[in-house]
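These numbers were taken from a predicted model, which means no experiment stands behind them.
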Amino acid sequence: MMKTAAGKVFSHRKSVLICGAVLTVFAALTIPTTRSQAASCRSDASAEIDWSGCNKRLLMLGGSIMDGADLRGTDFTFTDLRGSSFKKANLEKAKLIRTSLASSQLQGGNFVKVEAYRGDFSDSDAENAKFNNAEMQRASFKNAKLTGTDFTKAELGRADFEGATLTGAKFTMANLSRSRFEGAKFTGPIDFENAFLLLARIEGLDLSSATGLEQKQVDIACGDAKTKLPQGLTTPATWPCPEDPDED
């Protein structure tokens with residue numbers, strides 16, 4: 001009788017141990033501890049790749065196709081991504097410090113809260129992309145296509161929009177101090193509601209269809225005799241402004 005009881009106890013303990021081991025393995029396989037563990041950081045660039053949280057600094061990745069990719073929090077500092085495609089990719093909170101995305105396809109991309117100090121977006125197509133709350137001081141958008149692009153609350157001090165297409169772009173509550181818009185093109189509304197335009201270069205622009213502009217914004221911006229303002233706003237006596245000495 002004692003043998004039988006001991007055997008039953010042993011069998012029960014063995015079953016408990018096996019079940020516990022199975023559950024442990026299952027949890028390890030199904031619950032990643034960090035985002036980087038879930039990401040394919042060592043995989044080559046491709047459409048819909050998961051590089052979220054990965055370190056991709058100081059690389060030559062020009063011409064990559066990463067449409068629909070998960071690049072949240074990815075660090076691309078100093079990386080060359082010229083001529084790449086990021087259509088509808090998610091780069092929220094990515095680091096693009098001194099990163100080159102020149103001539104890239106960025107349509108519908110999510111660039112919310114990116115850090116892109118001196119980022120190069122020149123000649124890119126970022127139609128309907130979102131740069132809300134982005135840190136983009138001194139970024140270049142020269143000759144970029146920015147139709148319907150949203151820069152709400154973005155930090156764009158000294159950003160360069162020379163020659164860019166800006167029809168339907170939103171700069172609501174954006175910091176555009178000392179930014180440059182010479183030669184920018186737009187055939188419809190452009191929203192500057194509560195944007196900070198201290199010494200923003202708007203020489204020669206036809207802003208007659210711009211929305212959200214107030215006299216106090218115009219008074220601190222830099223236009224000239226060719227700048228056209230919305231109805232009800234007047235040209236400040238301080239125009240034209242002297243050239244900004246710090247353009248580096």
Do the side chain of [X] and the main chain of [Y] share a donor and acceptor less than 3.5 angstrom apart?
X: D224; Y: G204; value: yes
X: K56; Y: C41; value: yes
X: T79; Y: L58; value: yes
X: D67; Y: A69; value: no
X: S104; Y: L81; value: yes
X: Q215; Y: T234; value: yes
X: W51; Y: S40; value: yes
X: K185; Y: G163; value: yes
X: S122; Y: F141; value: no
X: S52; Y: L71; value: no

Same apolar cluster (I L V M F W Y, side chains within < 4.5 Å links), [X]/[Y]:
X: L96; Y: L59; result: yes
X: I190; Y: F196; result: no
X: L61; Y: L101; result: yes
X: I202; Y: L199; result: no
X: L176; Y: W239; result: yes

Which distance, rounded to the nearest 0.5 Å, do you find between the [atom1] of [X] and the [atom2] of [Y]?
X: L205; Y: K228; atom1: CG; atom2: NZ; result: 11.5 Å
X: M136; Y: E155; atom1: CE; atom2: CD; result: 11.5 Å
X: K88; Y: N128; atom1: NZ; atom2: CG; result: 9.5 Å
X: K142; Y: E182; atom1: NZ; atom2: CD; result: 9.5 Å
X: E127; Y: L106; atom1: CD; atom2: CG; result: 11.5 Å
X: I49; Y: I65; atom1: CD1; atom2: CD1; result: 13.5 Å

Open item on the list: Could you check whether N90 and N110, counting side-chain N and O atoms only, form a donor-acceptor pair closer than 3.5 Å?
Closed with: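 Yes, a side-chain donor-acceptor pair sits under 3.5 Å.
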Open item on the list: Please tell me whether S140 and D160 have a donor and an acceptor in their side chains that are separated by less than 3.5 angstrom.
Closed with: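 Absent: no donor and acceptor within the cut-off.
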Open item on the list: Go through it in stages, so that I can follow the logic: the residues are F131 and F121, the test is ring pair (Phe, Tyr, Trp, His ring centres under 6.0 Å), and I'd like the CA-CA distance, side-chain angles, deciding distance and then a yes or no.
Closed with: CA-CA 12 Å; F131 290 90; F121 298 85; 5.8 Å; yes
TODO: Evaluate the criterion side chain to side chain donor-acceptor pair (under 3.5 Å) for residue pair D150 and N132; output intermediate values, then yes/no.
DONE: CA-CA 6 Å; D150 193 347; N132 308 61; 3.3 Å; yes
TODO: Could you tell me whether R180 and E162 make a salt bridge, using a distance below 4.0 angstrom between a side-chain N and a carboxylate O?
DONE: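 Judged by the 4.0 Å cut-off on N to carboxylate O distance, R180 and E162 do form a salt bridge.
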TODO: May I ask you to say whether D191 pairs ionically with K170, meaning some side-chain N is under 4.0 Å from a carboxylate O?
DONE: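 Salt bridge flag = no for K170 with D191.
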Task: Other residues, nucleotides, ligands: >12 heavy atoms within 6.0 Å of E48 CD - done: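 No, not enclosed.
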Open item on the list: Is there a side-chain contact (heavy atoms from CB on, under 4.5 Å) between Y117 and T77? Walk through the geometry before answering.
Closed with: CA-CA 10 Å; Y117 173 74; T77 299; over 6 Å; no
- [ ] Check the angle between the aromatic planes of F76 and F86 and answer parallel, tilted or perpendicular using the 30° and 60° thresholds.
- [x]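 Answer is perpendicular, since the angle exceeds 60°.
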Task: Qualifying residue for ring-ring contact (aromatic ring centres under 6.0 Å, His included) with F151, from F161, F192, F111 - done: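 Option passing the ring-ring contact (aromatic ring centres under 6.0 Å, His included) with F151: F161.
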Open item on the list: Show, in sequence, the C-alpha distance, side-chain angles and deciding distance for C222 and R201, and conclude whether the side-chain contact (heavy atoms from CB on, under 4.5 Å) test is met.
Closed with: CA-CA 5 Å; C222 291; R201 311 301 302 207; 3.9 Å; yes
Task: side-chain contact (heavy atoms from CB on, under 4.5 Å), paired with L197, selected from D219, V218, L213 - done: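 Answer to the side-chain contact (heavy atoms from CB on, under 4.5 Å) test with L197 among D219, V218, L213: L213.
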